[in-house]
Amino acid sequence: MAGRLEEARRHTLRLIEPLTEEQLNRVYDPILSPLIWDLGHIANFEELWLVQRIGGREPLRGDLGELYDAIEQPRKIRGELPILKADEVCPYMEQVRERTLEVLGGIELDPENPLLADGFVYEMLLAHEHQHNETMLQLLQMVESYEPVEVDRGPASEPASEGDEMVLVEGGPHEIGATVVGFAYDNERPRHRVELEPFWIDRTPVTNADYMAYLEEAGAEPPMYWERDGEGGWVRTAMGRKEEVDPRLPVIHVSWHEADAFARWAGKRLPTEAEWEAAAQGADRKRANLDEMSFGPAAAGAYADAASECGAVQMLGDVWEWTSSDFTAYPGFEAFPYPEYSEVFFGDEHKVLRGGAWATRRDVIRTSFRNWDLPIRRQIFAGIRCARDESEGAQES
Ligand code: AVJ
Ligand code: FE
């Protein structure tokens, strides 16, 4: 466990290594925290759950808990809070980690304590740091001339496959959600049965080529980071670098409203999250473009050897996929270990995203993993995969 905590931290620090103190402290966008807030929050979350709750110790600085409470402090004011600045945050991260390791050294994983059974609280800690890496990457897209320390070009050279536009998922009972074994968040449980009508789902994520055709015909707004190149084409800017939009890649940085409008234009619809999970059955996170290393998606149709049981590819990795579902509780849901992780977000305000993106750490993702965000959000690494009722016939679009 100490090794995995260490790996997560190395990854976090590697992301911010190229940045100046000014860049760490800067507010780039009112809907995104300054990077420095994420760093302090990662360490404070660790202090709260490990050092205080499990270790029974006092916090290093009692006032930090409130400043790093994500619910108390909305993103747009995080830049104005008296949070730890770049020179203070690293020592705080180190001191908390030192105490975490002391607590870890003296702990019995008591199966009677639900926080400790199967190392739950440690898995939660890792997943938390991993998820904040992705939030940080959303902001890094806006940092002029950001140069990643290391980039793995592997995913870019994965060959794209040919195949049908849509694949069929059988109707009938499907089991949805995480089983009782292994780490999962409260919102993925309990596992339960849903009845689905048979439906078609796109074999691959929607491509930039598809999306450009849609923009042409429907005159819609382009995805975030796109601009006209002056000759009728499109360029996109990420991390200060302008590149021609690659038609083979999945479209990314679209809002739920845009995804929904695209699907309707294509004569299709977004899948429900239950349909998405049924279609993802059998997908393998080990053969997927995850883990932040490639700094972009692979071509649509890549990883065809790791298709899900229904024949869909890239269900995991590359781009998050918007679903038509609101983020709500599964029947029999119980908040654990705190209602602020999931429960306070349930309702009709947030839409569910599934599958993870190139910017998601591999260990975060499972076919049952549920992400959620506001339907207007575009800075998340989200794309589109469409569905259609089987009763409406297939593929004649
Ligand atoms: C699951 C990505 C919506 O960032 O708000 C991080 C993850 N929860 N810290 C978020 C999370 C607490 C969460 N999302
Ligand atoms: Fe958090």
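The figures that follow rest on heavy atoms only: side chains count, while hydrogens, waters and symmetry mates do not. Position 1 is the first residue of the sequence; numbering continues from there. Read the numbers this way: they start at 1 and go in the same order the structure lists the ligands and their atoms.
Judged by a 6.0 Å distance limit and a 45° cone about the ring axis, R228 is positioned over the six-membered ring of W234.
For the Fe ion (ligand 2), the tally of protein N/O/S atoms lying closer than 2.8 Å stands at 3.
The aromatic rings of F295 and Y146 sit tilted relative to each other, their planes meeting at an angle between 30° and 60°. Below 30°, between 30° and 60°, or above 60°: for H132 and W37 the angle between ring planes is between 30° and 60°, a tilted geometry.
A donor-acceptor contact under 3.5 angstrom links the side chains of T12 and N133, judged on distance only. With hydrogens and angles left out, the side-chain atoms of E292 and H11 include a donor and acceptor closer than 3.5 Å.
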For ligand 1, what N or O to protein N or O distances fall under 3.5 Å?
residue	atom	partner	partner atom	Å
ligand 1	9 (N)	H128	NE2	3.1
ligand 1	9 (N)	H132	NE2	3.1

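Here E340 pairs with nothing under the side chain to side chain donor-acceptor pair (under 3.5 Å) rule; sequence neighbours left out. Every residue two or more places apart in sequence or in another chain that forms a side-chain contact (heavy atoms from CB on, under 4.5 Å) with E123 is listed here: M1, R4, L126, F183.
Around NZ of K85, the count of heavy atoms belonging to other residues, nucleotides or ligands within 6.0 Å exceeds 12. For E175, the CD atom sits in a packed shell: over 12 heavy atoms of surrounding residues, nucleotides or ligands are nearer than 6.0 Å.
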